[in-house]
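Below: one structure, written as structure tokens.
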Amino acid sequence: MTAVSCDWFQLDNQEGWDAKVSGKIIDAKTGQPVQSEQGSSITVIEQGWKNPVSGDPVSQNQSWKIKNDGTYRNNLVFAGEYIMNTVSGANFMADPAKFTLNKGDNTVDFKVTPFCRILNPKITYDATTKVITATCTIESDIAGVNNVGNVYLCVYPDRFVRNGYNKCKEDPYAHVENITPDGTTQITLSVDPERVVNGKKVNAEEFQYDRPHYIRIAAVAGSYSGLPAWDETNYEIDWDNFPWDQLADDWSNFNDIVVYKAVVTHHEATYALDGNINGSGAYNYSPVYKLENGQITEVTDW
């Protein structure tokens with residue numbers, strides 16, 4: 001057996017990650033973390049690399065995941081210059097932010113403006129009726145957001161409860177829509193384990209077992225345009241007042257004697273999403289709460 005020298009046995013001298021970073025996505029107005037969905041992320045761009053072929057500077061895009069409570073952590077990054085830029089699907093708006101990561105631990109918070117803001121969320125539980133009730137107000141600081149399309153009281157058997165993970169979405173009392181986000185009108189939502197709609201117990205799946213329930217308020221805002229109420233007039237044959245005695249046997253004079261009546265249909269005012277803001281339909285959220293043994297506590301151990 002003959003041993004030969006080859007490149008396989010050369011040591012890799014590339015330096016490894018030398019920095020860690022953590023922080024919060026902060027509401028620029030309230031100073032509070034912007035609650036989000038599991039799997040939400042921001043895009044950061046590492047600056048200063050050179051293209052090995054052309055020598056031109058290139059950017060290295062990275063996706064940093066955000067926890068439900070609006071915090072993030074990445075322990076595998078390099079020291080250097082970065083830019084944070086929001087991506088499609090985020091539930092907030094923000095200007096690109098430049099920041100520097102040094103070797104070792106770093107803390108970097110990003111100030112953003114959420115599409116809408118859930119204010120003063122309060123969750124209560126009635127031990128007698130077993131009804132869960134939530135109250136809040138909604139506001140938005142973004143020009144063009146004059147309506148909040150949907151607000152849900154979400155209930156799910158684990159802490160990743162959100163709009164997509166909501167076992168009580170069919171409960172009509174747990175959902176409102178077309179809310180003016182002025183921050184003054186109180187919204188009340190409720191979930192009743194015994195509620196029956198059209199002969200169906202709509203919350204049976206969530207409450208079929210004696211287990212903890214996780215609760216969260218979800219609201220989606222966008223750029224909505226109002227469609228005013230209007231009347232539509234159609235004309236149809238008035239058979240009740242048709243002059244049958246004047247009708248020829250062969251109906252040849254039908255068009256000369258036909259009688260029409262006007263039918264007026266009233267259309268209520270509605271709202272339509274015009275797609276200019278939050279076209280991906282990203283939801284904004286309250287904190288997550290846990291209901292166990294009749295007690296409600298906020299989930300903080302993310």
Side-chain angles (χ1 to χ4, degrees), residues 11-52 55-118 121 141-142 158-165 214 216 218-219 221 277-278 280-290 298-302:
L11 294 177
D12 181 359
N13 62 355
Q14 173 66 46
E15 293 184 5
W17 296 290
D18 57 5
K20 300 178 181 179
V21 60
S22 62
K24 301 174 183 177
I25 310 300
I26 294 178
D27 185 329
K29 178 177 180 178
T30 67
Q32 298 299 311
V34 176
Q35 307 281 335
S36 64
E37 294 190 3
Q38 185 71 12
S40 296
S41 63
I42 56 175
T43 292
V44 296
I45 306 171
E46 186 177 359
Q47 305 291 292
W49 289 80
K50 297 290 185 179
N51 187 303
D56 294 331
V58 296
S59 298
Q60 303 296 317
N61 290 352
Q62 302 175 31
S63 180
W64 292 0
K65 298 298 182 183
I66 307 171
K67 296 181 181 180
N68 279 24
D69 64 348
T71 64
Y72 75 94
R73 171 174 287 278
N74 192 332
N75 290 340
L76 303 175
V77 291
F78 291 98
E81 302 296 322
Y82 289 81
I83 296 176
M84 186 279 282
N85 196 21
T86 57
V87 296
S88 176
N91 62 356
F92 56 83
M93 297 180 69
D95 294 327
K98 294 182 178 181
F99 61 99
T100 300
L101 296 184
N102 299 311
K103 292 183 178 181
D105 292 329
N106 297 266
T107 299
V108 180
D109 296 333
F110 300 108
K111 291 185 178 182
V112 305
T113 302
F115 287 124
C116 66
R117 186 178 295 114
I118 299 172
D141 294 337
I142 298 177
D158 69 40
R159 66 186 59 206
F160 300 113
V161 56
R162 58 184 175 88
N163 173 59
Y165 293 162
Y214 292 85
R216 205 179 196 193
I277 298 175
N278 193 19
S280 60
Y283 275 75
N284 289 97
Y285 289 95
S286 75
V288 176
Y289 300 90
K290 181 180 181 181
E298 182 179 340
V299 176
T300 58
D301 55 339
W302 293 102

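- Considering all non-hydrogen atoms of both residues, Ala79 and Ala19 come closest at N-CB, 3.8 Å.
- Of all the heavy atoms in Asn68 and Val288, the pair that sits closest is ND2-CG2, 4.5 Å.
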Chi angles and distances behind the salt bridge (Lys or Arg N to Asp or Glu O under 4.0 Å) call for Arg159, Asp301: CA-CA 10 Å; Arg159 66 186 59 206; Asp301 55 339; 2.9 Å; yes

side-chain contact (heavy atoms from CB on, under 4.5 Å) assessment of Tyr214 paired with Val299: CA-CA 9 Å; Tyr214 292 85; Val299 176; 4.0 Å; yes

Working for side-chain contact (heavy atoms from CB on, under 4.5 Å), residues Thr43 and Met84: CA-CA 6 Å; Thr43 292; Met84 186 279 282; over 6 Å; no

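- In this structure, the side chains of Thr113 and Asp27 stay at 4.5 Å or more apart for every pair of heavy atoms.
- Counting heavy atoms from C-beta on, the side chains of Tyr285 and Asn163 come closer than 4.5 Å.
- A distance of 6.5 Å separates NZ in Lys24 from CG in Asp109, rounded to the nearest 0.5 Å.
- Heavy atoms of other residues, nucleotides or ligands lying less than 6.0 angstrom from CZ of Phe99 number more than 12.
- One distance of note links OG of Ser36 with CZ of Arg162; it measures 10.5 Å at 0.5 Å rounding.
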side-chain contact (heavy atoms from CB on, under 4.5 Å) evaluation trace for Val112 with Met93: CA-CA 6 Å; Val112 305; Met93 297 180 69; over 6 Å; no

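- Between Thr71 and Ile66 there is no side-chain heavy-atom pair separated by less than 4.5 Å.
- In this structure, Asn106 contributes its side chain and Lys20 its backbone to a donor-acceptor pair below 3.5 Å.
- Summarising the geometry of Gly70 relative to Pro33, their closest heavy-atom pair is CA-CB, 4.3 Å, with the distance given to 0.1 Å.
- Remark: side-chain polar atoms of Asn91 are paired, donor with acceptor, to backbone N or O of Gln35 under 3.5 angstrom.
- To the nearest 0.5 angstrom, Glu298 atom CD is 5.0 Å from Tyr289 atom OH.
- At a threshold of 4.5 Å between non-hydrogen side-chain atoms, the residues Phe115 and Phe92 do not count as touching.
- Atom OG of Ser22 is separated from atom CG of Asn75 by 8.0 Å, given to the nearest 0.5 angstrom.
- Atom CZ of Arg117 sits about 8.5 Å away from atom CD1 of Ile142, to the nearest 0.5 Å.
- Side-chain contact of Tyr283 with Glu37: a donor-acceptor pair under 3.5 Å is absent, judged by distance alone.
- Considering every non-hydrogen atom in both Asn74 and Leu76, the closest pair reads OD1-N, 3.0 Å.
- In this structure, a donor-acceptor pair under 3.5 Å is present between the side chains of Ser63 and Ser41.
- For Asp95, the CG atom counts as loosely surrounded, since its 6.0 Å shell holds 12 or fewer non-hydrogen atoms of other residues, nucleotides or ligands.
- Between Val77 and Val44, the closest side-chain pair of non-hydrogen atoms is not below 4.5 Å.
- Within a 6.0 Å radius of CH2 in Trp302, more than 12 heavy atoms belonging to other residues, nucleotides or ligands are found.
- Looking at heavy atoms from C-beta onward, Gln62 lies in side-chain contact with Glu46 at the 4.5 angstrom threshold.
- The aromatic rings of Tyr72 and Trp64 sit parallel, their planes meeting at an angle under 30°, below the 60° perpendicular limit.
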Derivation of the side-chain contact (heavy atoms from CB on, under 4.5 Å) call for Tyr82 and Thr100: CA-CA 6 Å; Tyr82 289 81; Thr100 300; over 6 Å; no

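- When all heavy atoms of Ser286 and Ile118 are compared, the closest pair comes out as N-CD1, 3.5 Å.
- The shortest side-chain heavy-atom distance between Val34 and Ile26 does not fall under the 4.5 Å cut-off.
- Counting all heavy atoms, side chain and backbone alike, Ile83 lies closest to Pro96 at CG2-CB, 4.0 Å.
- Remark: Asp158 pairs with Tyr156, Phe160 by the side chain to side chain contact (heavy atoms under 4.5 Å, CB included) rule, at least two apart or across chains.
- Between Arg73 and Val21, every side-chain heavy-atom pair lies at or beyond the 4.5 Å cut-off.
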